[in-house]
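Residue numbers start at 1 and run along the sequence shown.
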Amino acid sequence: MITIEVDKNLRMVVKSKTMSQDGKSQNDQAATMETVAKIVTQLQAGKANTPVIISADKKADFQSVVQVMDKLQNAGVLRVGLAVKPTGR
């Protein structure tokens, strides 16, 4: 699973857990509106059905979050979900 965290200032971090020789590792990458779809499709490595969850701060601009969803879907990402988290977490 891939998670995109969006804070109230629309800063984004794409998080993905990958298997490595030591068991698991966390891959965090800063993203912008222009780079988020490219980063996600690279992490999916040709597996467009890998779930992507957008975890947005409740104070994040809703229209911008929808824009991220649109960019992902236009890039061929098939499974996009939305989670809202309270401010301060």
Side-chain angles (χ1 to χ4, degrees):
M1 177 171 51
I2 297 169
T3 303
I4 302 169
E5 291 188 355
V6 183
D7 73 9
K8 66 182 179 182
N9 298 314
L10 301 179
R11 288 184 296 246
M12 290 183 262
V13 177
V14 179
K15 297 184 172 202
S16 131
K17 291 184 180 169
T18 56
M19 293 300 287
S20 62
Q21 291 182 355
D22 64 351
K24 283 186 177 178
S25 68
Q26 179 79 28
N27 181 9
D28 295 358
Q29 297 182 54
T32 64
M33 196 65 76
E34 293 76 30
T35 62
V36 67
K38 181 177 180 180
I39 292 169
V40 169
T41 55
Q42 287 174 343
L43 289 171
Q44 285 185 322
K47 298 176 185 170
N49 63 345
T50 302
V52 178
I53 303 298
I54 300 171
S55 178
D57 186 288
K58 72 178 184 178
K59 291 189 177 183
D61 177 58
F62 181 73
Q63 183 60 35
S64 295
V65 174
V66 170
Q67 217 177 356
V68 172
M69 294 176 78
D70 286 343
K71 286 189 176 288
L72 294 171
Q73 290 174 336
N74 289 335
V77 177
L78 300 176
R79 297 176 62 193
V80 179
L82 182 63
V84 179
K85 60 183 177 182
T87 303
R89 283 195 184 176

* Indicate yes or no for a side-chain donor-acceptor contact from Asn9 to the backbone of Arg11 under 3.5 Å, with no hydrogens or angles considered. =>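 A pair under 3.5 Å: no.
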* **Polar side-chain atom of Arg79 near backbone of Asn49 as donor-acceptor pair, under 3.5 Å** =>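 Such a contact is found between Arg79 side chain and Asn49 backbone.
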When rounded to the nearest 0.5 angstrom, what distance separates [atom1] in [X] from [atom2] in [Y]?
| X | Y | atom1 | atom2 | answer |
| --- | --- | --- | --- | --- |
| Thr50 | Met1 | OG1 | CE | 11.0 Å |
| Ser16 | Ile4 | OG | CD1 | 11.0 Å |
| Glu34 | Thr32 | CD | OG1 | 4.5 Å |

Least distance between heavy atoms, [X] atom then [Y] atom:
| X | Y | value |
| --- | --- | --- |
| Ala37 | Leu72 | CA-CD2, 3.9 Å |
| Ala30 | Ile39 | O-CD1, 3.6 Å |
| Val40 | Ile2 | O-CD1, 4.0 Å |

Is it the case that one hydrophobic cluster holds both [X] and [Y], taking links as side-chain heavy atoms less than 4.5 Å apart, direct or via other members?
| X | Y | value |
| --- | --- | --- |
| Met33 | Val6 | yes |
| Val80 | Val13 | no |
| Ile54 | Leu10 | yes |

* Beyond-backbone contact of Gln29 with Thr35, side-chain heavy atoms, under 4.5 angstrom ->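 With C-beta onward as the side chain, the pair stays apart.
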* Do Val52 and Gln44 have side-chain heavy atoms sitting under 4.5 Å apart? ->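 Yes, their side chains come closer than 4.5 Å.
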